[in-house]
Number of protein chains: 2
Amino acid sequence: MTENWIDRFPGLAALSPDVRETLVRDSAVVEVPKGTRIFGPGQSPENLLLLLDGAVRVHQTSEQGREIVLYRVAAGESCVLTTACMLAHEDYSAEGLADTDVRAVAIPRKVFDDLVTRSIPFRNFVFAAYSQRITDLFHVIEEIAFQRLDIRLAQRLRTLAGDADEVRTTHQELAVELGTAREVISRQLQEFQRRGWIAQSRGRVSLLDRGAIAHLAEAA
Amino acid sequence: MTENWIDRFPGLAALSPDVRETLVRDSAVVEVPKGTRIFGPGQSPENLLLLLDGAVRVHQTSEQGREIVLYRVAAGESCVLTTACMLAHEDYSAEGLADTDVRAVAIPRKVFDDLVTRSIPFRNFVFAAYSQRITDLFHVIEEIAFQRLDIRLAQRLRTLAGDADEVRTTHQELAVELGTAREVISRQLQEFQRRGWIAQSRGRVSLLDRGAIAHLAEAA
DNA sequence: TCTGCAGGGTGACAACGTCACTGAACCGCA
DNA sequence: TGCGGTTCAGTGACGTTGTCACCCTGCAGA
């Protein structure tokens, strides 16, 4: 448990030795399995999470039951908005789910407060993390307001696939990614398939022509 | 200039006397006329602004030139995201415009850093302000993704009108408010007019039946 | 009075969302 | 191996929103 995880966070490189010591001593490394609900309405976390491995997906659900993925927290990043949106008076319908198995450092609120007071680099880290998330949200707004769906879908398929050449997901899940309806995804994927860019089977999309997909995705 | 503006900010009520003194001594009250661009791409503010009077409107503009209003900062609130989104590495296309004549307190970055270190209540104020803005952004996302335009337009007409019974604005400006196109606003307003809810003339919308408008707005 | 221009109206069409329903693939189990 | 339930995907019809091209109108300044 004396693992030196701090070096995994570039933003924390400037921490002084005593701050590092506090952080390592008073935080716990936790593991949560894929699918766990990390926070959500009626579930306010008393920790700031720094992700070591895995990813956390943050959703919003509308009253009518439609959903959209707001952003993901990747390894090496922190889950600041998590704490922030819980801090707000309004209870909000955003929730965080473990997208994969997750290993994270949990910094208790008191330790967090202490560090923010004591350490300028730590504070900068926190504010930088906020800024990053906020620009993520700006991105989301720009895309849902102004970007065509075929382009957004192509982009999302690329990022979900990563290095692999297939994505294991349902049309419904893709619809939630983009905040649209399943039927719309089905039709778009059919069009992609018709053009020979992808192949589909139940629960799986294979990318056949990454070049064409990339070309569309970059037609931003 | 020794005006005690601190009491206008409920979140700052808990500040200790010495912090209050620093804040009042080292901050300046500034006035900017309506229409001034307060921040934007290539214009990063070195101050945190606390609004005393007036309102600031924060926009985002897409590459294709379409715009959307993200939120407004009202008197008694602070412009935290302003500083935050400038802090992010990416240069972002959000910009802040004085929606009316504005009077505000400008807290220089150094003073801000000092206060965040010294004062727990000040820090809470800052974090609470962040949370508020972030939930505002969540609201925006929920609305543009899932809410019908007629409902959003009715809501916006109500808030823009305030106590008055008319709104002095063009269709184009309303389109920017909601991130849509002018033609769409024109058609919706015509429908409202046909139902006898509003009357229109060049650059002006009069609310004739606030009850009906409110009813639609609350059909969220 | 003329003229330029911002504001607003309109029709056609494309893109996206919704609804109702159908069929296909998969799973557990007899 | 076949059965039945469930999840996933396909489809047509239709309503809403976005885009494009173009027009008309009211207003201000020359």
Side-chain angles (χ1 to χ4, degrees), chain A residues 35 61-68 140-157 160 166-195 198-206 216 219-220, chain B residues 35 61-68 140-157 160 166-195 198-206 216 219-220:
Chain A
T61 307
S62 80
E63 292 179 3
Q64 303 89 15
R66 275 185 56 193
E67 285 180 72
I68 185 168
V140 172
I141 291 173
E142 179 166 341
E143 293 206 338
I144 59 182
F146 305 130
Q147 194 71 280
R148 290 177 52 101
L149 200 72
D150 52 356
I151 293 173
R152 295 172 58 210
L153 179 56
Q155 290 171 341
R156 198 55 66 110
L157 285 174
L160 289 176
E166 71 168 33
V167 183
R168 291 199 161 272
T169 184
T170 65
H171 293 190
Q172 178 58 46
E173 285 171 350
L174 287 171
V176 167
E177 289 285 336
L178 302 178
T180 182
R182 179 192 57 81
E183 298 91 318
V184 177
I185 296 293
S186 294
R187 284 193 270 257
Q188 290 288 352
L189 287 179
Q190 269 170 62
E191 177 60 19
F192 288 180
Q193 189 172 36
R194 195 190 61 75
R195 296 183 198 168
I198 63 166
Q200 296 187 71
S201 57
R202 193 184 170 90
R204 184 169 57 230
V205 177
S206 305
L216 178 59
Chain B
T61 306
S62 80
E63 293 179 1
Q64 302 90 14
R66 274 185 57 193
E67 284 181 72
I68 185 169
V140 172
I141 291 174
E142 178 166 342
E143 294 206 336
I144 58 181
F146 304 131
Q147 194 71 278
R148 289 178 53 98
L149 200 72
D150 51 356
I151 293 173
R152 295 172 57 210
L153 178 56
Q155 290 171 341
R156 198 55 65 111
L157 285 174
L160 288 175
E166 71 168 34
V167 183
R168 291 199 163 271
T169 183
T170 65
H171 293 190
Q172 179 58 46
E173 284 171 351
L174 287 171
V176 168
E177 288 284 337
L178 302 178
T180 183
R182 178 192 58 80
E183 298 92 318
V184 177
I185 295 293
S186 294
R187 283 194 274 256
Q188 289 289 352
L189 288 179
Q190 269 170 62
E191 177 60 20
F192 288 180
Q193 189 172 37
R194 195 190 61 76
R195 296 182 197 168
I198 64 166
Q200 298 186 70
S201 57
R202 195 182 170 89
R204 184 169 59 230
V205 177
S206 305
L216 178 60

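Chain A is the first sequence line, chain B the second, and so forth, proteins listed ahead of strands; every chain is numbered from 1. A quick note: this is a predicted structure, and the numbers were derived from the prediction, not measured.
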Contact nearer the 5' end of DNA chain D, comparing A/Gln200 with B/Asp150: A/Gln200
Contact under 4.0 Å: B/Thr180 side-chain N or O vs D/dG18 OP1/OP2: yes
Separation of atom CG in B/Leu149 from atom P in D/dG18, rounded to whole Å: 6 Å
Donor-acceptor pair present, B/Glu183 side chain and D/dC20 base, under 3.5 Å: yes
OP1 or OP2 of C/dG8 under 4.0 Å from side-chain N/O of B/Ser186: no
Check: B/Arg182 side chain, C/dG9 base, donor-acceptor under 3.5 Å: yes
Salt bridge (charged side-chain N to carboxylate O under 4.0 Å, His left out) between A/Glu191 and A/Arg187, intermediate numbers included: CA-CA 6 Å; A/Glu191 177 60 19; A/Arg187 284 193 270 257; over 6 Å; no
Quiz item: B/Arg152 side-chain donor-acceptor pair to D/dT17 base, under 3.5 Å: no
Residue whose closest nucleotide on DNA chain C lies nearer the 5' end, B/Glu173 versus B/Gln190: B/Glu173
Nucleotide nearest A/Arg66 when distance is taken to its side chain, options C/dG17, C/dA20, D/dA21: C/dG17
Where A/Leu216 and A/Ala154 come nearest, the two heavy atoms and their spacing: CD2-CB, 4.0 Å
Side-chain N or O of B/Gln188 closer than 4.0 Å to phosphate OP1/OP2 of D/dT17: yes
Polar side-chain contact A/Arg202-D/dT7 base: donor and acceptor under 3.5 Å: yes
Check: B/Gln147 main-chain N/O paired with B/Arg152 side-chain donor or acceptor under 3.5 Å: no
Short side-chain N/O contact to D/dG10 OP1/OP2 from A/His171, under 4.0 Å: yes
A/Arg187 vs A/Gly203, nearer the 5' end of DNA chain D by closest nucleotide: A/Gly203
Polar side-chain atom of B/Arg204 near backbone of B/Thr169 as donor-acceptor pair, under 3.5 Å: no
